[in-house]
Amino acid sequence: MNVLLCPLSDPGYLYPSLAVGRELRRRGHTVHVLAGPSAGAVVTAAGLAVSAVADGTALSVAHWTVRGGEQYSAVARAVRRFEPDVLVTSVLCHGALVAAEAAGLPVVVLGLAAHLWPYRTGPADECGREWRLAETLRHYAAVRETAGLAPRHDRFPDTPLLGTAFLLRGHPEMEVPDAELPGAVRHVGPCWWEPEPAVEEPLPDSRPLAYVHLGRTFGGTGLWPRLNAAFTSGTHRAVVELGRSGAPEAAAGADLILGRRPWMGPLVKRADLVLTNATSAPVLAALLHGRPLLVAPNGSEQQVLAAGCVRAGVARRFPEPGAPAQELRAAVAGTGRDTAQRARAAEIGALLADGKSEARAADAVESAAR
């Protein structure tokens, strides 16, 4: 079988695709990875063949709403070149979905840690699922128009976004109780892979550690004022992964170690807790290492995943902007020593870390190609 991986090139989307690609290659399939310039070295480090896209913004999640046409063109060229039997792509990579439809190919979509759009049945959870679906479909329709495809008429509006199979990387415990997922959607687990650090990162002292992962603010409130207060004269120091956030705003005297790293697992393993806006990668890293979470969501997946983590008993909410410094410090210290939350995180982490997620995802890809 000939497989074309065309994920978004950002680590949170690229790395799980590489995990699946590695498993497919182990099974004897031919795997090519479409990637922007910044991702080529990582693809090579994963042992997979890279096909470079000159304009990396076409495969960047930061530009998914405006570069769909270029994304479609890049994937369509790769389809003509490699003649794949199946495509594997990321949620929000609409160019790949449209290219697969135009070429008559099956396409498997790697989703996030929780389902973002409305369920088929089940209670509403006030996470804006209908609005999010409408906005996503609006951008998807623009890509289809660019490709010259006729309008679709599906029974369910989310059908074209789900592909042949849509794979969630979290656990059913993180979904709304009694909610029914669309038929194409299934949970496979984290599909975890990331580059190994060359050496262990040195830390300045032996105090308890919090791992902090910043996501985009989407016009909401950034974490910096609260981080500065929480980690000044507190019980913990923090290693802050800047991720795709803007310029750091650390205050003098705040015990914050800043950086942009291509990995997080080794630091999460050394931490007492994970503080995050609630994007999939840091949430899954925390659970796989049995670490409790403090969540401070803004937009996109963050509201959905934060709510799911709180419901599942693995997270508590970081105090809102304007909270007193003492309350912020207490939230960090309390989460770090919360044995019940830690045990629950370890329980769900064990379910996620059963070693079969890449195999389940690869099974779905093989099934889609038949």
Side-chain angles (χ1 to χ4, degrees), residues 201-261 264-287 289-303 305-310 312-345:
E201 182 170 343
L203 297 173
D205 57 47
S206 59
R207 279 179 300 153
L209 179 71
Y211 179 80
V212 179
H213 191 285
L214 301 181
R216 296 175 64 193
T217 60
F218 298 97
T221 304
L223 281 176
W224 286 109
R226 284 177 282 172
L227 292 181
N228 289 330
F231 294 100
T232 298
S233 303
T235 56
H236 288 66
R237 70 192 186 287
V239 172
V240 182
E241 171 54 52
L242 299 174
R244 291 186 290 117
S245 63
E249 302 173 23
D255 199 356
L256 305 173
I257 303 167
L258 312 182
R260 298 186 193 271
R261 306 166 184 84
M264 65 179 74
L267 285 171
V268 172
K269 185 176 181 180
R270 297 160 71 182
D272 279 353
L273 70 147
V274 172
L275 196 165
T276 171
N277 288 121
T279 54
S280 289
V283 165
L284 292 173
L287 296 176
H289 290 88
R291 299 299 185 261
L293 286 143
L294 265 178
V295 292
N298 282 304
S300 186
E301 67 181 302
Q302 298 172 14
Q303 292 287 354
L305 190 49
C309 288
V310 172
V314 299
R316 63 175 74 179
R317 296 268 182 170
F318 197 39
E320 294 295 324
Q326 183 177 359
E327 184 180 342
L328 295 164
R329 290 194 292 267
V332 172
T335 302
R337 62 172 177 259
D338 190 330
T339 55
Q341 191 177 316
R342 180 180 292 266
R344 180 63 171 155

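The analysis underlying the following values was restricted to heavy atoms, covering all of them including side chains, and did not include hydrogens, waters or symmetry mates.
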Practice prompt. Provide the closest heavy-atom pair for M264 versus Y211 in the form atom of the first, atom of the second, distance.
Written response: CB-OH, 3.1 Å

Practice prompt. Measure the shortest side-chain to side-chain distance between L275 and L227 over non-hydrogen atoms and say whether it is less than 4.5 angstrom.
Written response: yes

Item to complete: Please answer whether the main-chain N or O of P319 pairs with a side-chain N or O of R226 as donor and acceptor at a distance below 3.5 Å.
Response: yes

Worksheet entry | T235 versus P208, closest heavy-atom pair with distance | O-CD, 3.6 Å

Discussion item. Restricting to non-hydrogen atoms, name the atom on R344 and the atom on A312 that form the minimum distance, rounded to 0.1 Å.
Written reply: NE-O, 2.6 Å

Discussion item. Are L294 and R316 packed together at the side-chain level, in the sense that at least one heavy-atom pair is separated by less than 4.5 angstrom?
Written reply: yes

Worksheet item: Just wondering, do R317 and P297 contact through their side chains at under 4.5 Å, heavy atoms?
Response: yes

Fill in: Closest non-hydrogen atom pair, V332 against A230
CG2-CB, 4.1 Å

Fill in: Pairwise distance CG(D272) to CZ(R291) - rounded to 0.5 angstrom
7.5 Å

Worksheet item: Once you round to the nearest 0.5 Å, how far does CD1 of I257 lie from CD of E241?
Response: 13.0 Å

Worksheet item: Do the side chain of E249 and the main chain of P225 share a donor and acceptor less than 3.5 angstrom apart?
Response: no

Worksheet entry | Nearest-0.5 Å distance that lies between atom CG in N277 and atom CD in Q303 | 10.0 Å

Practice prompt. Start with the C-alpha distance between T279 and Q302, add both sets of side-chain angles, then the distance that settles side-chain contact (heavy atoms from CB on, under 4.5 Å), and finish with yes or no.
Written response: CA-CA 6 Å; T279 54; Q302 298 172 14; 3.9 Å; yes

Worksheet item: Rounded to the nearest 0.5 Å, how far does NE2 of H289 lie from CZ of R270?
Response: 11.5 Å

Fill in: Distance-minimising heavy-atom pair for V268 and A285
CG1-O, 3.6 Å

Worksheet item: Donor-acceptor pair, R342 side chain versus R337 backbone, under 3.5 Å?
Response: no

Worksheet item: Can any side-chain N or O of N228 pair as donor or acceptor with the backbone N or O of W224 at less than 3.5 Å?
Response: yes

Worksheet item: So, T232 side chain and A229 main chain: donor-acceptor pair closer than 3.5 Å or not?
Response: no

Discussion item. Does V212 form a side-chain contact (heavy atoms from CB on, under 4.5 Å) with T276? I'd like the steps, not just the answer.
Written reply: CA-CA 6 Å; V212 179; T276 171; over 6 Å; no

Worksheet item: Is there a side-chain contact between L305 and S280 (heavy atoms, below 4.5 Å)?
Response: yes

Fill in: Heavy-atom check, side chain of L293 versus side chain of C309, under 4.5 Å
yes

Worksheet item: If you round to the nearest 0.5 Å, how far is CD of E301 from CZ of R216?
Response: 11.0 Å

Worksheet item: How about E201: does its CD atom have over 12 heavy atoms from other parts shown lying under 6.0 Å from it?
Response: yes

Practice prompt. Using the side-chain contact (heavy atoms from CB on, under 4.5 Å) rule, take L273 and Q341 through it: C-alpha gap first, then chi angles, then the decisive distance, then the call.
Written response: CA-CA 10 Å; L273 70 147; Q341 191 177 316; over 6 Å; no

Fill in: Spatial distance of atom CG (L214) from atom CG (L258) [nearest 0.5 Å]
9.0 Å

Discussion item. Using side-chain contact (heavy atoms from CB on, under 4.5 Å), reason through T335 and F318 one step at a time and then give a plain yes or no.
Written reply: CA-CA 10 Å; T335 302; F318 197 39; over 6 Å; no

